[in-house]
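Contents: one structure, followed by commentary.
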There are 2 protein chains.
Amino acid sequence: MPTPARKAPVIADVARVAGVSVPTVSRVLTGSVPVSPERRERVLAAIRELGFRPNGAARALVRGQQSMVAVLTSNTTRYGYGMTLQGIEEAARQSGYLVVISVVETPDRATVAAAVDSMLGQPMAGAVVLEYDQAGVAALAAMPPWLPVVAAAPMPDGGGTPAVPHAYMDDHAAAAQATRYLLDLGHRTVHHVGIPSTGGPSARTLGWREALDAAGAPVPAVVAADWAPTSGYDAGLALAEEPDVTAVLCGNDEIAMGVMKALADRGRRVPDDVSVIGFDDHPLAQLWSPSLTTVRQDFAALGRQAFALLTASMQDGPPPRSITSRPELVLRGTSGPPPR
Amino acid sequence: MPTPARKAPVIADVARVAGVSVPTVSRVLTGSVPVSPERRERVLAAIRELGFRPNGAARALVRGQQSMVAVLTSNTTRYGYGMTLQGIEEAARQSGYLVVISVVETPDRATVAAAVDSMLGQPMAGAVVLEYDQAGVAALAAMPPWLPVVAAAPMPDGGGTPAVPHAYMDDHAAAAQATRYLLDLGHRTVHHVGIPSTGGPSARTLGWREALDAAGAPVPAVVAADWAPTSGYDAGLALAEEPDVTAVLCGNDEIAMGVMKALADRGRRVPDDVSVIGFDDHPLAQLWSPSLTTVRQDFAALGRQAFALLTASMQDGPPPRSITSRPELVLRGTSGPPPR
DNA sequence: CTGAAAGCGCTTACAG
DNA sequence: CTGAAAGCGCTTACAG
């Protein structure tokens, strides 16, 4: 078993072995200036022989040009978060950037500061923050003014221009649309299981309420859930107690699955007794029985858009304008008219 | 809207504003040497005023000590991959390392080289490669000898000492155990839906076959699936055609859900007509109806172990020894005795 | 405690 | 085409 060399070879080692000067090695490395074929060959051979790789820190330092972008997020594995991250990574890779993930687990001061500092301890060209929850909001607020920053976020409530460009997902409108759809089917009202958000009620909750108000339908109390699918189960148990529940809009698909499981365990059939609509279009949504009606959100596209906004921010010129994506209601097997 | 400053302040700017020398600023930054309280205050004030953050590239260069580790993987969102990544990130963060994700989409030469080069273009302390598929194998082979590297992988088939330390998941043994369990329940044999692997049959497939052989049970042809849950559905459709299928071991939980959906669509009841066992213990496995019997694999722990191996590799001294985790069979509602 | 000097590994003008 | 020189932003001995 070869013990890894404790010290990586540097450009001077290559120059010595190849019998040329250091700048010449640099020239064959960067290809910026022509080098005579024979020297070029000698340098290449030396590079191969030593297994030389240019030191990224030195390169970044002298070029003053960074090739890493950071993604600040409270989580990497939840569906929407993970897909956004994937979208950012894809776009970044295509543009020659490496992505650093900086997890900000909670919104508390110390955690946020630690994450931001450690990220800034490396040469970053910019950052995208996933402003999906309170930790994201806190991270965004802690970013230094000189770093190009953009955010991916759900649709904001009020107006006002944000300080940095945003890629928005208009789940507010989508929630309203889904609610309206249920109401049009004849449901007297629509119940709602909410998920954690950036502080107050989520955009999804707001959209739901707005549609109810517009239709003059009663507004039931929101049932709160967290990210665990089992909390959806608990919410479903609570909802199953109330006989007048005939339609439920859930904060995401996993919650919807938990709700349906609880409903089934309590003998309420979906969609015959209760209609259920989720959010996201999780890969398993269509495999569920019955297949889940949901609001499809293309988080990978959102991530790509956020990265595009970031590259634009890194350019000179006016900051790019925020953009917003529109989710799409996907009708499947868990929604229908109310019983009777 | 504040236009981001195009140039970040440097330590010399701080020194000028604070009226001290550059090394003094550096000293308050690193805390390595005491600085008089008044100067210290002036420096801190200047840092705040300018929004100064030390340049990571310069720091990394002079310290010669890197604080980033790379994770090379073909994917970031699939369950096992994402959870391993999360485990690595957690452990890295606790040790003060930042993680860079380098996605190697395919095993082809150019893709692998591009990913490895771009990663090495930055100052990396080491790398962990997710050797879960062919792209992972190719990435591992392409790592330079001077970089500390470890791998996370399923249990290898043959013996032989690997070139780098590995954190293994012994899904081979777990697959054999699950198969044996089904056989002991009275099933004549167990069918199997396989997922993509590092080249030949996966460790899970090998374990399944081994248990069948040991019990003298017939070995049915493996039904191949890819990562898409819908490919599990297709596999289930094929299996539903054969009336003698009473037990199926699936390559992962999502495939199992697809299989069950197809079985249900064809009128075969689970577990009354057919028992199904998955792999992973996906968060939704217990929410499925009936809840899914599966092999729980703690990928986050595997990731943490891989990172521990990496820090050990970065130390002087002999390379650490590989370690292996044992998955656990979780009995739930989709497995039972054969019909009749 | 503090400043002047050297140096980390590389690239980019500057002169041939 | 090629080498000697300077410099990126920081930290670490070296002398006070």
Side-chain angles (χ1 to χ4, degrees), chain A residues 5-44 46-47 50-67 117 120-125 144 146-147, chain B residues 5-44 46-47 50-67 117 120-125 144 146-147:
Chain A
R6 251 65 207 86
K7 177 115 172 62
V10 299
I11 203 172
D13 298 319
V14 176
R16 188 166 23 70
V17 170
V20 300
S21 72
V22 164
T24 294
V25 176
S26 176
R27 284 173 195 123
V28 350
L29 249 24
T30 62
S32 57
V33 177
V35 172
S36 73
E38 47 158 351
R39 289 181 172 250
R40 195 181 145 64
E41 254 328 308
R42 293 217 309 270
V43 169
L44 256 16
I47 287 174
L50 299 172
F52 167 81
R53 300 284 186 160
N55 177 308
R59 252 183 167 166
L61 177 58
V62 64
R63 291 198 178 150
Q65 180 238 112
Q66 334 288 188
S67 55
D117 283 351
L120 292 170
Q122 299 298 141
M124 292 297 150
W146 50 263
L147 188 74
Chain B
R6 251 65 206 82
K7 176 114 173 65
V10 300
I11 202 173
D13 298 319
V14 175
R16 189 166 22 71
V17 170
V20 300
S21 72
V22 163
T24 294
V25 176
S26 176
R27 283 172 195 124
V28 351
L29 248 25
T30 62
S32 57
V33 177
V35 172
S36 73
E38 47 158 351
R39 287 176 174 254
R40 195 183 146 65
E41 255 327 308
R42 293 216 308 271
V43 169
L44 257 17
I47 287 174
L50 299 172
F52 167 81
R53 300 281 187 162
N55 176 307
R59 251 183 167 168
L61 177 59
V62 64
R63 291 201 175 147
Q65 179 242 113
Q66 335 288 186
S67 53
D117 283 351
L120 292 169
Q122 299 299 142
M124 293 297 149
W146 49 263
L147 187 74

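Being a predicted model, the structure only gives us computed values, none of them experimental.
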Distance check: side-chain N/O of S21(A) vs OP1/OP2 of dA4(D), anything under 4.0 Å?
-> no
side-chain hydrogen bond (donor to acceptor under 3.5 Å, both in side chains) partners for S67(A), two or more places apart = Q122(B)
How does each nucleotide of nucleotides 7-16 of chain C score, in 5' to 3' order, for protein heavy atoms under 4.0 Å: base (B), sugar-phosphate only (S), or none (-)?
-> BBBBBBB---
Partners passing side-chain hydrogen bond (donor to acceptor under 3.5 Å, both in side chains) against R40(B) (at least two apart in sequence or in another chain) | none
Could you provide the dot-bracket string of DNA chain C, using ( ) for intrastrand pairs, [ ] for crossing pairs and | for bases paired to another strand, with Watson-Crick or G-U pairs below 3.5 Å?
-> |||.||||||||.|||
Does T24(A) make a side-chain N or O approach to OP1 or OP2 of dC1(D) shorter than 4.0 Å?
-> no
State whether R39(B) places a side-chain N or O below 4.0 Å from either non-bridging phosphate oxygen (OP1 or OP2) of dT2(C).
-> yes
For A57(A), which residues count as a side chain to side chain contact (heavy atoms under 4.5 Å, CB included) partner, sequence neighbours excluded?
-> N55(A), A60(B), L61(B), P123(B)
side-chain hydrogen bond (donor to acceptor under 3.5 Å, both in side chains) against T30(A), all qualifying residues, sequence neighbours excluded = S32(A)
Please name all residues satisfying side chain to side chain contact (heavy atoms under 4.5 Å, CB included) with A18(A), sequence neighbours left out, ordered by chain then number.
-> V20(A), R42(A), V43(A), A46(A)
Give the C-alpha distance, both sets of side-chain angles, the deciding distance and a yes or no for side-chain contact (heavy atoms from CB on, under 4.5 Å) between F52(A) and V17(A).
-> CA-CA 11 Å; F52(A) 167 81; V17(A) 170; over 6 Å; no
Contacts of V10(A) that satisfy side chain to side chain contact (heavy atoms under 4.5 Å, CB included) - sequence neighbours left out = K7(A), A12(A), D13(A)
Could you pull out all residues at least two apart from R53(B) that satisfy side-chain hydrogen bond (donor to acceptor under 3.5 Å, both in side chains)?
-> D117(A)
Spacing between R16(B) atom CZ and dG3(C) atom C1', to the nearest angstrom = 17 Å
For dT2(D), does OP1 or OP2 lie under 4.0 Å from any side-chain N or O of R42(A)?
-> no
